[in-house]
Structures are given as structure tokens and as C-alpha cells.
Number of protein chains: 2
Amino acid sequence: MLSDVMEDYLKGIYDLQREGGAPVETSLIAGSLDVTAPTVTSMMEKLEERGLVAREKYEGVELTDEGETVAVEIIRHHRLLEAFLVDHLDYEWTEVHEEADVLEHHISEEFEERIAERLGDPTVDPHGDPIPEATLEPPTADETRPLGEFAVGDCVVVARVRDRDEDELEYLAEAGIVPGRRLVIEEKAPIGMLTVSHGDGQQNLPDEVAGTIRAQTVDVDTEEQSDARHVTEL
Amino acid sequence: MLSDVMEDYLKGIYDLQREGGAPVETSLIAGSLDVTAPTVTSMMEKLEERGLVAREKYEGVELTDEGETVAVEIIRHHRLLEAFLVDHLDYEWTEVHEEADVLEHHISEEFEERIAERLGDPTVDPHGDPIPEATLEPPTADETRPLGEFAVGDCVVVARVRDRDEDELEYLAEAGIVPGRRLVIEEKAPIGMLTVSHGDGQQNLPDEVAGTIRAQTVDVDTEEQSDARHVTEL
DNA sequence: TTTATGAATTAGACTCGTCTAAACTCTCAC
DNA sequence: GTGAGAGTTTAGACGAGTCTAATTCATAAA
Ligand SMILES: [Mn+2]
Ligand SMILES: [Mn+2]
Ligand SMILES: [Mn+2]
Ligand SMILES: [Mn+2]
């Protein structure tokens, strides 16, 4: 019905829409999927044809409800797969993204259900990203914010880290910056760097990276629920 | 490098070559992959170009060593996946073929290794088909023969059943004809039907089906090793 | 030896996903 | 208000994988 390529466009648009709001411009999609702008234009025409995006020429696109549902479905596949690979096949959390990025397009609904059941219907993936429900209702806005948006002195707990770059993930894991970990914002340097500390010391993070780490202010209610798996590994 | 379509052609040629010997004709491949003859011709030109088949115009093709290795690799993926789905995700042995037929092209070597390890390096899949070694050396000729080739009165143990047709598999499972089960060849009727019996009664099988069930004469050495999983389910 | 028949190949076309080069549109600075 | 420049779309091409229709080949029968 829908090719894996189309699914990747929808997923990409979904993410960009979450970050920057609609409409999403051609060049953003091109950058995120590593194709040229004309390629995106022609794909957007096809997706519009199928009712998966609404398009305004020279403006950009926005997912329709149907398009959003497809995107959410693929994201559910992706994150369930990541969780499954870590929990049942001994993958490191640093190396699951690529495998899931392929398999997400090729597993059946049956497979999705079975791994969800085997995992006990988890709500977050190994990187702290929320796993959409089986109903595919678009998740509500999350309460986390990028590290860079907190103020110096704030005490926060890491919720999510970016999963696309294996080396970055490995470095962060080594530095103890993993979902569930508590941090204090120590300093925001004017050279585009942020300093945080935790029990084992201080860590400097370029703003570009700090912007991809999402956290919440420490709160007794949420502290209990946070995923402390990776902390214990260190 | 190699598309999933090409992999399916190589796997198809491999099977046909096992059954009917080389060279494998265009029309056989077309039938097995459900495409037209010209489509096969053009694909064979590409595979020849890449050194995966040797081709004699108007005669047919034969896998090169390299082509055979690719085919064996895909078959290893397929059968490991089937075993994994049954053993670790509660699939029925009747419903794993389709899922494996897609995923076989999309799992990484990493994934292959991890499920093999998790399964304890099994040697046969849920349908009794041998799983190639990780070295990808082409398996040696097997000692099993189609049911139809035995003589009336022979006592045999089922080794392998065809996995492509879900309904057929369900029927056979219900009838107790599963790998590891012992049968006696009762009658070979001249209308193209064969009758076998086991502890729970008699069963008639059209020759077309009997030809796809492979067995060995009962032998104390092999009896112990046979897969009795499905027998105990009934 | 010739020819009829069935199978294989060639020819030409189509869709999908991609590209480069050229043309167009929108916006913002002057 | 106009024009420059950035960003978008159009035009035209290509490879992969598939098809139908036409042609060529191999071979078995006469
Ligand atoms: Mn993907
Ligand atoms: Mn993730
Ligand atoms: Mn396949
Ligand atoms: Mn099988």
C-alpha cells in the first residue's frame, strides 16, 4: 500500500512538525531525509494525492490526520523494536536505532503486538522517547524541555536523549547522561556551552547537544517512574 | 548492495536447482516468483552481470558459488526467523512463513547472530527444514525422501513439511503429520493418493501433497534427535 | 529435410524514487 | 515599489523492476 520510502517521509514530517510547527518547508524535509528539494516536491505531490498531507505551494506541508496516524504507527514500530532489541536480544542502547529504522517498515501488525506484549506494553523506549499507544492516538505534548532552556541552579532529571548518533550516545552514556539521571545546571557559558553536574562530577555540553537532551524539573511524583536502567549499569 | 527482489530470485533459483537440477529455465523461475518470462530474462541479465548466475541463452541459468552463498544466507535468515518467531514470540508454526519471507531481507548480520545465539544455534526450523551454518557452506544433500517414494509397508519418520501454505500446514498439524512423527505407508492408490497411518489413525494424502512431505526410514540413531515438539502439542 | 509448436528473448512502455538544470515565486531591503 | 536573493517548483533524465506484444530460437513431428 505505502512504500517504506513514503513512510519515512511521513515520519520525518511528523518530527519536523513537532519541533518547528506546521507548515513544514520543502528544504527542511530535504535536509532531514538527505534528498534534494525537487525530490521532496514530487513526493509531496504524491502524498497530497493520497490524502496524507495538506500542501500549500511554496509554503510547505502539514500532515492530515491520516498522515499523522501513519507516522505514529511507524514511530510505535520503531520504539517498540528498539526496546525489544535491548531487552530481549542484548543490544546496546547505542546501536538499536539503525536496525529499528529498517525493520519499522517491514514488521506485521502481528509482530508489533507480540513484541509489545512480550515487553509488557512499555511506555518509553531505551532513549526515553515515549512509545505511542496501540490506538495510534497522537501523544499529547510532553512536559519535558531541552536542557538549554533551564536556568542555572535548576535541578532536573533527564527524560530523553537523541538516538540518531551512535558515537554521541556512547559518549553520553559514558558521561552518565542517561534517562533517569539527575543533573544540576551549573553554568551557561556565552560560547555556546552548558555545564551540568551529577554525583560523579561535571560535564560540559555544546548547546547543539544540550538542545537535544530533554529533561524535567525534579519532582517527587515523577522521580519514581523514571527509567533508571542505564544508571545502574555505570 | 543487493535488492530484496534480487535476493528472492537467487533464493528461488536455489530451490529450483535443488529440486530439478541445473540449468534452471526461465519459465520455472517465472512461475516460482509469479512474474512474466521477460521479467525473468532481464533480471537474469543483471544477475549474470554481477556474477551471481551463469547463463546460457535459451537454456537457463545456474547459480555461481557467489550466488549460491547469497541464497544460502537468505535461507539461513528465513529459517532462523521462523524458529525465533515460534520459540520466542508465540507464533504458530503455520503462520511464520510470510513474516520470515519479508524480514529475511531486512535483518542485519548482528540480528542474525543474536537470534541464532538466543535459540542455541538450532539446526532445523519449525517445519523440519535444515538451517544452514553461519559459515554459509552449502548444506550437503539430505537423506530424506518424499513420502511418495517409499514403498507400501515402510515405517518412516516425518522430517520436513512444506511451509508455504498456511491452510495446508494447519490441516497437516491437525492430522498429526508433523516433523518427528512416525508413519506407516499403508497404500498407494492408483488415483494419485497415498494412505499413511500412525497411532491416532489413518490419513489420506493427494500425491501432490505427499510429494512435499519428506521422511526417513525409521532408524534408532536418528529417532532420538527428531523434533517432537509438535507431536506433544496434539 | 522441412516445418510447426512452445519457449525465450527483444522491443517498447510504464511507475517509482531519485537527480541536475532551468524557471519561477516570495519576501525583504533599499 | 522594485529588485535581489533565497527557496520552490518545473522540466527532463535515469535505473530498477515490471508488463504486453512482437520476434527469434530450439526441437520434435512429419
Ligand atoms: Mn525508516
Ligand atoms: Mn529511540
Ligand atoms: Mn523473501
Ligand atoms: Mn520453514
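It should be emphasised that the depicted structure is a prediction, and the values quoted were computed from it without experimental measurement. By convention in this document, chain letters (A, B, ...) are assigned in the order of the sequence lines, proteins followed by strands, and residues within each chain are numbered from 1. As a basis for the values below, the full set of heavy atoms in this structure was taken, side chains included, without hydrogen atoms, waters or symmetry mates.
For B:Tyr58, the side-chain atoms get nearest to C:dA8 when compared with the rest of C:dA8, D:dG17, C:dG17. The side chain of A:Val5 has C:dG17 as its nearest neighbour among D:dG17, D:dA26, C:dG17.
Taking 4.0 angstrom as the limit, B:Lys57 places a side-chain polar atom (N or O) nearer than this to OP1 or OP2 of C:dT10. Within the 4.0 Å cut-off from OP1 or OP2 of C:dA8, not a single side-chain nitrogen or oxygen of B:Arg55 is found.
Around the CD atom of A:Glu149, the shell of radius 6.0 Å holds more than 12 heavy atoms that belong to other residues, nucleotides or ligands. In B:Glu49, the CD atom is not crowded: 12 or fewer heavy atoms of neighbouring residues, nucleotides or ligands sit closer than 6.0 Å.
Counting heavy atoms from C-beta on, the side chains of B:His127 and B:Leu169 come closer than 4.5 Å. In this structure, B:Ile74 and B:Leu10 have side chains that are not in contact, with every pair of non-hydrogen atoms separated by 4.5 Å or more. Residues B:Val61 and B:Glu48 fail the side-chain proximity criterion, which asks for heavy atoms closer than 4.5 Å. The shortest distance between side-chain heavy atoms of B:Leu205 and B:Ile177 falls below 4.5 Å.
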field: Trace of the side chain to side chain contact (heavy atoms under 4.5 Å, CB included) decision for B:Asp15 with B:Ile75
entry: CA-CA 10 Å; B:Asp15 287 340; B:Ile75 289 169; 4.2 Å; yes
message: With side-chain hydrogen bond (donor to acceptor under 3.5 Å, both in side chains) as the criterion, how do A:His78 and A:Asp125 come out once you've worked through the C-alpha distance, each side chain's angles and the decisive distance to 0.1 Å?
response: CA-CA 9 Å; A:His78 184 100; A:Asp125 83 0; 5.7 Å; no
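B:Phe84 and B:Phe111 have perpendicular rings, their planes meeting at more than 60° on a 0 to 90° scale where under 30° would count as parallel.
Toward the 5′ end of DNA chain C lies the nearest nucleotide of A:Tyr9, the other residue of the pair A:Tyr9 and A:Glu59 mapping further downstream.
Regarding A:His105, its NE2 atom lies at a distance of 12 Å from the P atom of C:dG17, rounded to whole Å. Distance CD (B:Glu56) to P (C:dA8): 14 Å, rounded to an integer number of Å. Per the geometry, CG belonging to B:Leu2 stands 14 Å off C1' belonging to D:dG17, to the nearest Å.
A heavy atom closer than 4.0 Å to some atom of DNA chain C occurs in A:Val35, A:Thr36, A:Pro38, A:Thr39, A:Ser42, A:Met43, A:Lys46, these being the qualifying members of residues 33-49 of chain A. Near DNA chain C, defined here as any heavy-atom distance below 4.0 Å, the residues from residues 17-31 of chain B are B:Glu25, B:Thr26, B:Ser27, listed numerically.
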